[in-house]
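See structure below.
Worth knowing before you read on, the calculation uses all heavy atoms, side chains too, and leaves out hydrogens, waters and symmetry mates.
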Amino acid sequence: MSFLTHLSLPLLRRLDPETAHDIALDALTLGLSVPVKRPVDDQALATHALGYRFSNPIGIAAGFDKNARVMRPLAQMGFGFVEAGTVTPKAQPGNPRPRLFRLTEDRAVINRMGFNNQGIDRFVIRLARLHRPLSSGRAGGAGVPAGANLGINKTGADPERDYPALVGRVKAYVNYIVINVSSPNTPGLRGLQDAARLKSILDAIMERHPDSPPLLIKLAPDLEDDAIAPVVEAAIAGGARGFIISNTTLARPESLQSEFKAESGGLSGRPLRSRATDMLRLVAQVSAGRMTLIACGGIESGADILQRIRLGAHLVQVYSAFAYEGPPLISRLKKEMLELMQAEGIRSLEEIRGQDL
């Protein structure tokens, strides 16, 4: 039984959420929560995307490991892929505390972190320490496919300058790169999802880095439905290879019960499930097999994962559910997936991808 699952998880839940998160990262850094041997995944859970084989489709979303401190420990726990960030060109403290809230009754989280991170210089140093040469179809030093999530600073930003510069710093060390234009906590960032502006940013990246790893765009769930098609077409025209659907939402469903429901920031977890699922369907229909899709938002069961795959997702990411359950979540999700697949006679995830579109 790991440190996080045996003694610390109940204690961590009594602490301020951000303090608890920092302690969890320290524990992972020290190896206190990490199995000696990575679990071996059932072949039925394997999938191919972005030119790589993933032993299972479950990844950790950006925001958990902002500074690339624990990519290898997370992979060792059994995630099929890991994503670090969001990282910005310069270090920045983010918004004032408190800025992270557990909505326990709603199985949700609200954050207004504001891209707090140590900056690209320290981020890349850690990636380099993990590094082993990347080649087609092989993971890098984390042991599983790994991604870097890139953002811009709150002040002094120039997206057409900053995103290409960030891509140049990380491209040798990761299997894919995410352009984050959808966090609600950096003023003006979501405006970069405008189709013309997004195309301008992607053009700037491709001009400088035609050899870039696959680029993915992380979308906001608050995009209007009629804005999705122009954004998808702009991303494809700009050379992007996929989408993460979706980031946190500014919406506040009437069903929320927690005393923190009125806090400002992005809402994630169970209340996001419905919108994230609907948006995945829309993006999958518009992209029509031209893009790799990573589903994120309210995923907390094996049934949720299979549902997203049936709606066209190649991979999924979790965050809030992991914050609530810790490492046991990963094995539970895999077990539930395999039980459902066996009961329904599903031999591989490829068999069901997109069948509900």
Side-chain angles (χ1 to χ4, degrees), residues 24-25 28-29 31 33-35 37-41 45-88 117-151 163 166-180 205 209 211-218 240-244 247 292-296 313-319 322 327 330 334:
L25 287 176
L28 288 171
T29 302
S33 311
V34 183
K37 187 176 181 180
R38 174 182 160 81
V40 177
D41 289 325
L45 297 180
T47 192
H48 289 82
L50 300 171
Y52 296 93
R53 181 187 184 276
F54 296 74
S55 66
N56 73 75
I58 306 166
I60 182 72
F64 185 85
D65 186 15
K66 292 177 180 293
N67 297 302
R69 292 177 55 196
V70 294
M71 297 177 78
R72 186 175 288 160
L74 288 168
Q76 194 75 0
M77 281 182 187
F79 280 111
F81 64 108
V82 294
E83 185 175 313
T86 298
V87 63
T88 56
N117 73 102
Q118 296 171 353
I120 191 63
D121 289 342
R122 294 183 70 176
F123 189 91
V124 170
I125 287 171
R126 295 192 179 103
L127 289 183
R129 288 172 181 164
L130 281 176
H131 182 58
R132 68 171 182 242
L134 299 176
S135 60
S136 179
R138 296 186 61 84
V144 298
N149 188 297
L150 310 179
Y163 283 114
L166 290 167
V167 168
R169 298 294 302 278
V170 303
K171 68 180 183 179
Y173 306 117
V174 293
N175 303 96
Y176 70 93
I177 294 170
V178 180
I179 306 303
N180 189 344
I205 293 171
H209 306 290
D211 58 343
S212 169
L215 295 177
L216 284 74
I217 311 300
K218 189 162 187 174
R241 295 274 300 280
F243 293 105
I244 297 180
N247 213 318
T292 295
L293 305 180
I294 301 179
C296 185
H314 297 79
L315 303 164
V316 302
Q317 289 180 329
V318 296
Y319 184 96
F322 187 66
I330 312 168
K334 294 176 189 178

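- Distance check, rounded to the nearest 0.5 Å: CG of Leu216 to CD1 of Ile244 gives 5.5 Å.
- Scanning all heavy atoms of the two residues, the minimum distance from Pro145 to Tyr52 falls at CG-CB, 4.2 Å.
- Looking only at side-chain heavy atoms (C-beta outward), Val82 and Val70 stay at 4.5 Å or farther from each other.
- The nearest pair of heavy atoms linking His314 to Pro57 is O-CB, 4.1 Å.
- When side chains are defined from C-beta on, Cys296 does not count as touching Glu83, because their heavy atoms never get closer than 4.5 Å.
- In this structure a side-chain-to-backbone donor-acceptor pair under 3.5 Å is present from Asn175 to Ala146.
- Here the NZ-CG distance, from Lys334 to Asp41, works out to 3.5 Å after rounding to the nearest 0.5 Å.
- Between Val170 and Leu127, the closest side-chain pair of non-hydrogen atoms falls below 4.5 Å.
- Rounding to the nearest 0.5 Å gives a distance of 7.5 Å between CG of Asp65 and CZ of Phe123.
- Formation of a donor-acceptor pair under 3.5 Å by the Asn56 side chain with backbone atoms of Leu45 is not found in this model.
- Counting heavy atoms from C-beta on, the side chains of Val144 and Met71 never come closer than 4.5 Å.
- Remark: Lys66 pairs with no residue by the side chain to side chain donor-acceptor pair (under 3.5 Å) rule, at least two apart or across chains.
- Applying the ring-ring contact (aromatic ring centres under 6.0 Å, His included) rule to Phe54 yields the partners Phe81; only residues at least two apart in sequence or on another chain are considered.
- Between the CG atom in Leu315 and the OH atom in Tyr176 there is a gap of 8.0 Å [rounded to 0.5 Å].
- Side chains of Ile60 and Met77 form no contact here, defined as non-hydrogen atoms less than 4.5 Å apart.
- Contacts of Arg122 classified as salt bridge (Lys or Arg N to Asp or Glu O under 4.0 Å), with partners at least two apart in sequence or in another chain: none.
- Atom CG of residue Asn180 and atom CG of residue Asn149 lie 4.5 Å apart, to the nearest 0.5 angstrom.
- Note that the NE2 atom of His209 and the CZ atom of Arg169 stand 11.0 Å from one another [nearest 0.5 Å].
- The six-membered or imidazole ring of Phe79 lies away from that of Phe64, with a centre-to-centre distance of 6.0 Å or more.
- The side-chain heavy atoms of Val87 and Leu150, taken from C-beta on, include a pair separated by under 4.5 Å.
- Between the side chains of Arg69 and Gln118, no donor N or O sits under 3.5 Å from an acceptor N or O.
- Smallest separation of non-hydrogen atoms from Gly151 and Leu166: O-CD1, 3.1 Å.
- Residues Ile205 and Ile177 have side chains not in contact (no heavy-atom distance under 4.5 Å, counting atoms from C-beta outward).
- Counting only distance, with no hydrogens or angles, the side chain of Arg53 and the backbone of Ala46 share no donor-acceptor pair below 3.5 Å.
- For the pair Val178 and Thr86, the minimum side-chain heavy-atom distance is 4.5 Å or more.
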